[in-house]
Amino acid sequence: MSEKVLYALTGLFETPDQIIDAAEKTSDGGYKKYDVNTPYPLHGMNQAMKLPPSKLGYAALVFGLSGTVSALALMYWMAVIDYAHVIGGKPYFPLPAFVPVMFEVTVLSAAIATVFTMLFVVFKFPNNSHPLHDTEYMKSVSRDKYGICILAEDEKFDENGTLKFLEELGATNITHQYFTEDSYATWWSVLDKKFAGILAVTAIATSLVVYIGLNKVLYMQPFSWMMEQEKLNPQKGSVLFADGFSMRNPVQGTIARGDLPYEYAVDPEGASKLVNPLPITEANLQLGKVKYDIYCSPCHGFMGEGDSRLRGQFPNPPSLHSEKVRDWTDGRIYHVIAMGQNVMPSYSSQLSRNEKWATILYVRALQRSLNAKESDLQ
Amino acid sequence: MSTVDYSQELSVVEGRPSLRELDDLISKPLESKPDKKFFIAISFTGLMLLTGITALGASFIYGTGLWGNNNPVGWGFPIVNFVFWVGIGHAGTLISAILFLFRQKWRTGIARFAEGMTIFAVITAAMFPLIHTGRPWLPLYLAPYPNQHSIWPNFISPLLWDVFAVSTYFIVSLIFWYVGLIPDLAVLRDKAGTKVKKTIYSIFSLGWRFSNRHWQHYEMMYLILAGFATPLVLSVHTIVSYDFAVSIMPGWHATIFPPYFVAGAVFSGFAMVQNVLIFIRKIFNYEHIITLKVLENMNKIILLTGSLVGYAYAMEFFIAWYSGVQAEQFTFINRAFGPYAWAYWIMISCNVISPQLFWFKKIRTSIPIMFVLGVLVNVGMWFERFVITVTSLSRDYLPSSWAYYTPTITDFGILIGSFGLFFTLLLIFTKTLPVISIAEVKAVVDGAQPTHKDH
């Protein structure tokens, strides 16, 4: 830039009355692109400059109401649709209980939106490369002077005429303000080396902090969840016992009460020989249904069709109505419950022997419900 | 007396300082090196903070068993302190938003400072629910974000409302404070001596140009924010009171709780602001801006809210009797005459009796006396939260589980630490940002506004 381009003419005034007067005359004089800079807002300046009322209120209204609506919609979706469950005997959709959160979200979104709209949309801040920035003029109006600034791009502007005009108004320190190199900054100054450097450093630092925080710090002493406890774990050493193990073997030649060892642990086909000891009574089926609904239905579905309720967080099991399972003996199914099968875990610790057999009775009933025999018709 | 001319508004800033003098006066603490007094003060508060950090560190390593909390009093000190500090914060918003809507010009000198106190008080307060969970590094679980557990927070729990209320309150206060600071930062930018300072102020003042085309929107925005902050501040302590009132504990389950808590919050907050301002105006020579009149006005509000709180205490007793519910009646008799009677009577004498002295103008305008009364009010308000939380829990419906709650030394360490944190932040604030709003004060100096003679 060899040739300096004129941005505006500025002049200073000493008292609030003078500046109001000057602003009035400037707007009456037909100038449109001018500004008044004062250290604090002056009463009556809007009228003097004939500014239309600020429309920020609409931003607050629109964003506030969208906050209310989205808070309600989100809570409705979360508490009624996505994960409906009864809390404290209240209905799924207790509107009064949603009001506090709706209110807070309204205020939050309205406040943020109003300020952001003002700063970034209306004012187009941050803007530290404005031609008036860092001038003597700015330094005076930021403290105790009242300034007026008529832009060169105004239609009525002509350098000498406007200069005269300002003099007539009684302005002092009339100055030509020029565009600076900086004020031509455009969006690609984002690619500026310094800025890109700061961005890169911030990105690396943030990633490091997050990585170290989540993967290292969270596993340090006070953060070690409840993992570190004084109790003896099976694989831990112990000073209590002579052999140095914390695990104990059962006393030789004894078994715990009710704990008959399962002899076909590694022999599924052998288990086929087992016979269901329970008679088919209503009580047994009822027991089987209760246990099935609790322990099996989350994965296998209430009807055993493999329609899991776990939303894909665990592999869906095959249907229990397959020919394969229908043809299995009760003993073979018993083996699956007792030992698990591939990803399906063992249910030995949750179900007693009788309960396992009862569950099998119920599974059989389910199978019959879809594949009824001819004889069932009678 | 009769010579006062009520048709003329009294000036809120004494002595007609010139605008330039105001700039220099307010920004002086930022431009001068901190003196000895500052270092003494900050090492004192720093020591308090260190005590708190030590106590907290021990709690993290050895667990919350170091605290007095136990069955049946699960809420002990952390919740007492939380409610206390949130309450302190309320004065700031009241001064900056509600008094703004009521066009109380005397607020201009103290608004910035009180807002700062709000932010620091909320930071201090927010620490307590977090540590009270015992797993303060997992606060994200409080937020409704899609997580691998596939569950959402419980939106009908007052504790969750609290999360929303306090975080909204913090963010809105911070925004309010920051936009108020922008013009002042621009003043500092234009005054700045060194390049570093200038760069920092330039970044944070965003290129503010004192343009009247901007002031116009700015004033509108301020009005809107004040309009939102007013119901917000009322909602925050209302929701804090729901933490208690929505449960069915005797002594908590009362509809008077929300207004009673809000009054209490304003009460203690004003006492705290008054206490700190007494020092600030003296140390930084702001006596002309934060005039005795301002302090007197604050004392009047303390008197008003103190009486409201006293009324609420009485009403609680009345309702307990009137309800005919045995457990309620027992709780209140137990408060006044049970094992925690000492706390109850500290509360009554500090909160109900001592502020009544402010009826006398002599007392209202005597700095040493009002300082002492302010301290007493805060002691009383801390005990109020203690009485509410602890007496109800320690003797609830089931006499077999009654127990006496005794705080431990760790509890006190954390309490001291919270004061340390609050005051350390305040001290840093006085040295880094203008504690009085330069632009706002300039606008209310005599002769700062046009006379509009010719209209």
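Letters A, B, ... mirror the listed sequences (proteins, then strands); counts begin at 1.
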Heaviest contributor of heavy-atom pairs below 4.5 Å to chain B, chosen from Pro41(A), Ala110(A), Gly213(A), is Pro41(A)
Looking only at heavy atoms, the pair that brings Ile224(B) and Leu56(A) closest together is CD1-C, 3.8 Å
_With a 4.5 Å cut-off on side-chain heavy atoms, are Asn127(A) and Leu206(B) touching?_
no
Are Ser235(B) and Glu104(A) packed together at the side-chain level, in the sense that at least one heavy-atom pair is separated by less than 4.5 angstrom? yes
Query raised in the report: Can any side-chain N or O of Lys55(A) pair as donor or acceptor with the backbone N or O of His217(B) at less than 3.5 Å?
Result: no
request  = Would you indicate whether the side-chain heavy atoms of Phe125(A) and Arg209(B) approach each other to under 4.5 Å?
outcome  = yes
Whatever's closer than 4.5 Å to a heavy atom in chain A on Asp184(B) counts as neither
If one checks every heavy atom of Ile203(B) against chain A at 4.5 Å, the contacting part turns out to be backbone
So, the part of Met49(A) with a heavy atom under 4.5 Å from chain B: the answer is side chain
The interface call for Phe103(A) against chain B, heavy-atom contacts under 4.5 Å, is side chain
I want to check a possible cation-pi pair here: Arg213(B) against Phe123(A), using under 6.0 Å from ring centre and within 45° of the ring axis as the test. no
When the 4.5 angstrom heavy-atom criterion is applied to Tyr169(B) and chain A, the contacting part is neither
* Check whether any side-chain heavy atom of Met118(A) lies under 4.5 Å from a side-chain heavy atom of Tyr218(B), and answer yes or no. => yes
Side chain proximity check, His214(B) to Asn37(A), heavy atoms < 4.5 angstrom:
no
message: Quick check on Ile81(A): does its CD1 atom have over 12 non-hydrogen neighbours (other residues, nucleotides or ligands) under 6.0 Å away?
response: yes
Note, Trp77(A) side chain near Trp152(B) side chain (heavy atom, < 4.5 Å)
yes
Whatever's closer than 4.5 Å to a heavy atom in chain B on Pro96(A) counts as neither
What one should report as the nearest heavy-atom pair of Ala439(B) and Pro39(A) is CB-O, 3.9 Å
Applying a strict 4.5 Å limit to non-hydrogen atoms, the region of Pro153(B) in contact with chain A is neither
Turns out that what part of Val122(A) lies under 4.5 Å from chain B's heavy atoms comes down to side chain
Comparing Ile87(A), Leu74(A), Thr114(A), Val141(A) against chain B, the one with the most heavy-atom pairs below 4.5 Å turns out to be Ile87(A)
Applying a strict 4.5 Å limit to non-hydrogen atoms, the region of Ile239(B) in contact with chain A is side chain
Taken to the nearest 0.5 Å, the spacing of Leu95(A) CG from Ile156(B) CD1 works out to 12.5 Å
Most contact-rich option vs chain B, by heavy-atom pairs under 4.5 angstrom, among Pro126(A), Ser54(A), Pro94(A), Gly64(A), is Ser54(A)
Of all heavy-atom pairs linking Ser142(A) and Asp23(B), the shortest is O-OD2, 4.4 Å
If one checks every heavy atom of Ile19(A) against chain B at 4.5 Å, the contacting part turns out to be neither
Salt-bridge present (Lys198(B), Asp134(A); N to O < 4.0 Å): yes
His133(A) and Ser202(B) have their tightest heavy-atom pair at NE2-OG, 4.5 Å
When the 4.5 angstrom heavy-atom criterion is applied to Leu232(B) and chain A, the contacting part is both
Hey, are the side chains of Met138(A) and Arg189(B) touching, using non-hydrogen atoms and a 4.5 Å cut-off? yes
Here the gap from Leu22(B) atom CG to Asp144(A) atom CG, rounded to the nearest 0.5 Å, amounts to 10.0 Å
Bottom line for Gln449(B): the part with an atom under 4.5 Å from chain A's heavy atoms is both
